[in-house]
Undergrad: 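Before anything else, here's the structure in question.
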Amino acid sequence: MPGPPVIMVDACTRDGRGGSPTAVVLDVASRTDEERRAVASTVGASHTAFVDSSGVGPPRVRFFTGEGEVRNCGHGTIAAQAVLLHRAGATEHRGHQNTGGRTVAVTATRRRDGIEVWFEQGVIALSGRAEPADSAVIAALGLTPGDIVADDLRVASPGTPRLLVRVRERRTLSALRPDVARLAAECRRLGYLGCFAYVLAPTAGPATARMFAPAIGVDEDIVNANSVGCLAAHLLDTSRDSGIAVHQGDTLGRPSAVLATATRTPDGIVARIGGLVHHPRAQPTASRTT
């Protein structure tokens, strides 16, 4: 039977190109989660944002991959808010969305080269330093202890834990070919969403990163905006610059960029994350459920 209309946009573009193809579905509360999962498995994007604006108050946005629901999705939030602004025909919107059991502050602004979206990530829990159990994850990534900066090996969680892995050399990062099955098994065993491997620039330039999340059905994510917020929180916590730009997607042919700033609050470190959505390149298309 015909499925819901799907809008495809490129989230977190860089210099007007690339970005993560992200599906946005204008949802209805009566749709089942199995129907949402089926839609997500057919649209050809790593994540699908389902936006339900039928109730009173901020829209409820949920995120699904072909494996099922994920608690939140940074580039999915950016895509969803860009679509809502585009459909409203407005120049700017400041408001909120309900995601993962919390209310998220969002800002969307129409620019000449697209729609810029920022959202508040909330408190980010940071672990201590490296744990012995993480050595199996490092090996599954295809890295050796000498490839990484051990002092920057850390688990960060804005709601779902992921391992931050600082790699010493950009060429090492670019050449990574993880053992996907082994990495998925290790991440599931430790309760990680995935691994965010990154290289910091030697000067004030952008960092470079790759995100591997086979445990949720995404072998490599073109963009993982929430992990960029986690990295900003880690840098602030270790007395470094709290603002960062991160380039992702180059190895997948989808150059992308995410910005983040971290701030200390009485509740903990919080991050604000931003990205650009190129003006929607496709009109709503028909998907299908099975």
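Below, all heavy atoms of this structure are taken into account, side chains as well, without hydrogens, waters or symmetry copies.
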Undergrad: Between Asp10 and Thr13, does any side-chain donor sit less than 3.5 Å from a side-chain acceptor?
TA: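 Note: Asp10 and Thr13 side chains miss the donor-acceptor criterion.
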Undergrad: Side chain to side chain contact (heavy atoms under 4.5 Å, CB included) for Leu183 and Val137? Distances and angles first, verdict last.
TA: CA-CA 6 Å; Leu183 182 60; Val137 178; 3.8 Å; yes
Undergrad: Under the side-chain hydrogen bond (donor to acceptor under 3.5 Å, both in side chains) rule, collect the residues that match up with Ser239, sequence neighbours excluded.
TA: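 Per chain and number, Ser239 pairs via side-chain hydrogen bond (donor to acceptor under 3.5 Å, both in side chains) with no residue.
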Undergrad: Specify the closest pair of heavy atoms between Gly142 and Asp147, including all atoms of both residues, with the distance to one decimal.
TA: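 Smallest interatomic distance, heavy atoms only, reads O-OD2, 4.5 Å.
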Undergrad: Can you name the residues that form a salt bridge (Lys or Arg N to Asp or Glu O under 4.0 Å) with Arg36, not counting sequence neighbours?
TA: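 Salt bridge (Lys or Arg N to Asp or Glu O under 4.0 Å) list for Arg36, sorted by chain: Asp27, Asp33.
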Undergrad: Could you state whether Val246 and Leu259 fall into the same hydrophobic cluster, counting links through intermediate Ile, Leu, Val, Met, Phe, Trp or Tyr residues with side-chain heavy atoms under 4.5 angstrom apart?
TA: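 Different hydrophobic clusters.
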Undergrad: Could you name each residue pair satisfying side chain to side chain donor-acceptor pair (under 3.5 Å) that touches residues 175-186, not counting sequence neighbours?
TA: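 For residues 175-186, and leaving out neighbouring residues, the side chain to side chain donor-acceptor pair (under 3.5 Å) pairs sorted by first residue read Glu186-Arg189.
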Undergrad: What distance do Asp237 atom CG and Cys230 atom SG have between them, rounded to the nearest 0.5 Å?
TA: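 Spacing of CG (Asp237) from SG (Cys230) equals 12.0 Å.
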Undergrad: Check this for me: does any side-chain nitrogen of one of Arg170 and Asp250 sit under 4.0 Å from a carboxylate oxygen of the other?
TA: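 Not counted as a salt bridge, because no side-chain N and carboxylate O are separated by less than 4.0 Å.
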Undergrad: So, using ring-ring contact (aromatic ring centres under 6.0 Å, His included) as the criterion, who are the partners of Phe63 when residues are at least two apart?
TA: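 Expected list: none.
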Undergrad: Write out all pairs satisfying salt bridge (charged side-chain N to carboxylate O under 4.0 Å, His left out) with one or both partners inside residues 190-205, taking only residues at least two apart or from two chains.
TA: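 Every candidate salt bridge (charged side-chain N to carboxylate O under 4.0 Å, His left out) pair involving residues 190-205 fails, so no pair, neighbours aside, qualifies.
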Undergrad: Not counting sequence neighbours, which residues clear salt bridge (Lys or Arg N to Asp or Glu O under 4.0 Å) with Arg17? List them please.
TA: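 With sequence neighbours excluded, Arg17 shows a salt bridge (Lys or Arg N to Asp or Glu O under 4.0 Å) to no residue whatsoever.
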Undergrad: Side chains of Leu200 and Arg166: closer than 4.5 Å at any heavy-atom pair?
TA: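 SC-SC contact between Leu200 and Arg166 confirmed.
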Undergrad: Checking Gln121 against Asn226: is there a side-chain donor and acceptor pair closer than 3.5 Å?
TA: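 Their side chains do contain a donor-acceptor pair, which is all the 3.5 Å distance test asks for.
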Undergrad: Taking side chain as C-beta onward, heavy atoms only, is Leu143 less than 4.5 Å from Val167?
TA: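 Contact flag for Leu143/Val167 side chains = yes.
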Undergrad: Find the distance between CG (Leu163) and CG (Leu141) and round it off to the nearest 0.5 Å.
TA: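 Answer rounded to 0.5 Å: 7.5 Å.
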Undergrad: Can you see which heavy atom on Val199 is nearest to which on Arg168, and at what distance?
TA: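 Heavy atoms only, the tightest pair is CG1-O, 4.1 Å.
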Undergrad: Taking side-chain hydrogen bond (donor to acceptor under 3.5 Å, both in side chains) as the definition, give me every residue that meets it alongside Asp241, ordered by chain and number, with sequence neighbours left out.
TA: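 Checked Asp241 against side-chain hydrogen bond (donor to acceptor under 3.5 Å, both in side chains); zero matches.
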Undergrad: For the residue pair Ile78 and Val277, what are the closest heavy atoms and their distance?
TA: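 In this case the closest contact between Ile78 and Val277 is CG2-CG2, 3.5 Å.
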Undergrad: Side chains of Leu164 and Val155: does their closest heavy-atom pair fall under 4.5 Å?
TA: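 Side chain of Leu164 against side chain of Val155, heavy atoms only: no contact under 4.5 Å found.
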Undergrad: Take Arg240 and Asp152 through the salt bridge (charged side-chain N to carboxylate O under 4.0 Å, His left out) test and state the conclusion after the steps.
TA: CA-CA 12 Å; Arg240 286 173 277 188; Asp152 281 323; 2.6 Å; yes
Undergrad: Which value, rounded to the nearest 0.5 Å, describes the distance between Ile222 atom CD1 and Thr22 atom OG1?
TA: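 It comes to 8.0 Å.
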Undergrad: Between atom CD1 of Ile216 and atom CZ of Arg71, what is the distance when rounded to the nearest 0.5 Å?
TA: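 So the gap between those two atoms works out to 14.0 Å.
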Undergrad: Report yes if some heavy atom in the side chain of Phe196 is under 4.5 Å from a heavy atom in the side chain of Leu231; otherwise report no.
TA: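 They are in contact (side-chain heavy atoms under 4.5 Å apart), so the answer is yes.
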Undergrad: Applying the side-chain contact (heavy atoms from CB on, under 4.5 Å) criterion to His75, which one of Ser256, Ser20, Pro21 satisfies it?
TA: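 Filter result, single survivor: Ser20.
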Undergrad: At their closest point, which heavy atom of Ile115 faces which heavy atom of Ala108, and how far apart are they?
TA: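 So the minimum-distance heavy-atom pair works out to CG2-CB, 4.3 Å.
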Undergrad: Start with the C-alpha distance between Thr99 and Asn72, add both sets of side-chain angles, then the distance that settles side chain to side chain donor-acceptor pair (under 3.5 Å), and finish with yes or no.
TA: CA-CA 7 Å; Thr99 292; Asn72 54 55; over 6 Å; no
Undergrad: Report yes if the side chains of Ser242 and Leu235 come closer than 4.5 Å at any heavy-atom pair, otherwise no.
TA: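 With C-beta onward as the side chain, the pair stays apart.
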Undergrad: When you group the ILVMFWY residues by side-chain heavy-atom contacts below 4.5 Å and let the links chain together, are Val123 and Trp118 in the same group?
TA: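 No, it is not one cluster - the side chains of Trp118 and Val123 are not joined through contacts under 4.5 Å.
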Undergrad: Suppose we screen for side-chain hydrogen bond (donor to acceptor under 3.5 Å, both in side chains). Which residues come up paired with Thr107, at least two apart in sequence or across chains?
TA: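 Partners of Thr107 under the side-chain hydrogen bond (donor to acceptor under 3.5 Å, both in side chains) test: none.
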Undergrad: Which heavy atom of Ala82 sits nearest to which heavy atom of Val117, and what is that distance?
TA: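 Result for this residue pair: N-CG2, 3.9 Å.
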Undergrad: Heavy atoms only: give me the nearest Thr65-Ser46 pair and the separation to one decimal.
TA: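 For Thr65 versus Ser46, the nearest heavy atoms are CG2-O, 3.4 Å.
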Undergrad: Between CD of Glu67 and CZ of Arg37, what distance do you get to the nearest 0.5 Å?
TA: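 The CD atom of Glu67 sits 8.0 Å away from the CZ atom of Arg37.
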Undergrad: Quick one: list whatever passes salt bridge (Lys or Arg N to Asp or Glu O under 4.0 Å) with Glu92, sequence neighbours left out.
TA: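 Arg94.
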Undergrad: For the residue pair Thr77 / Gln97, report whether a side-chain donor-acceptor contact shorter than 3.5 Å exists.
TA: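 Yes, Thr77 and Gln97 have a side-chain donor paired with an acceptor closer than 3.5 Å.
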Undergrad: Which pairs would a plain distance check flag for residues 266-274, meaning a side-chain donor or acceptor within less than 3.5 Å of a matching protein atom at least two apart in sequence or in another chain?
TA:
{"from": "Arg272", "atom 1": "NE", "to": "Glu120", "atom 2": "OE2", "distance (Å)": "3.3"}

Undergrad: Of all residues at least two apart in sequence or in a different chain, which pass the side-chain contact (heavy atoms from CB on, under 4.5 Å) check with Ser54?
TA: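 Residues passing side-chain contact (heavy atoms from CB on, under 4.5 Å) with Ser54: Asp52.
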Undergrad: Applying salt bridge (charged side-chain N to carboxylate O under 4.0 Å, His left out) as the test, list every pair that has at least one member in residues 196-219; sequence neighbours left out.
TA: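 Checked against salt bridge (charged side-chain N to carboxylate O under 4.0 Å, His left out) - neighbours excluded - the pairs reaching residues 196-219 are Arg210-Glu220.
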Undergrad: Going from CD on Glu35 to CZ on Phe50, what distance comes out if it is rounded to the nearest 0.5 angstrom?
TA: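 Taking CD in Glu35 and CZ in Phe50, the distance rounds to 9.5 Å.
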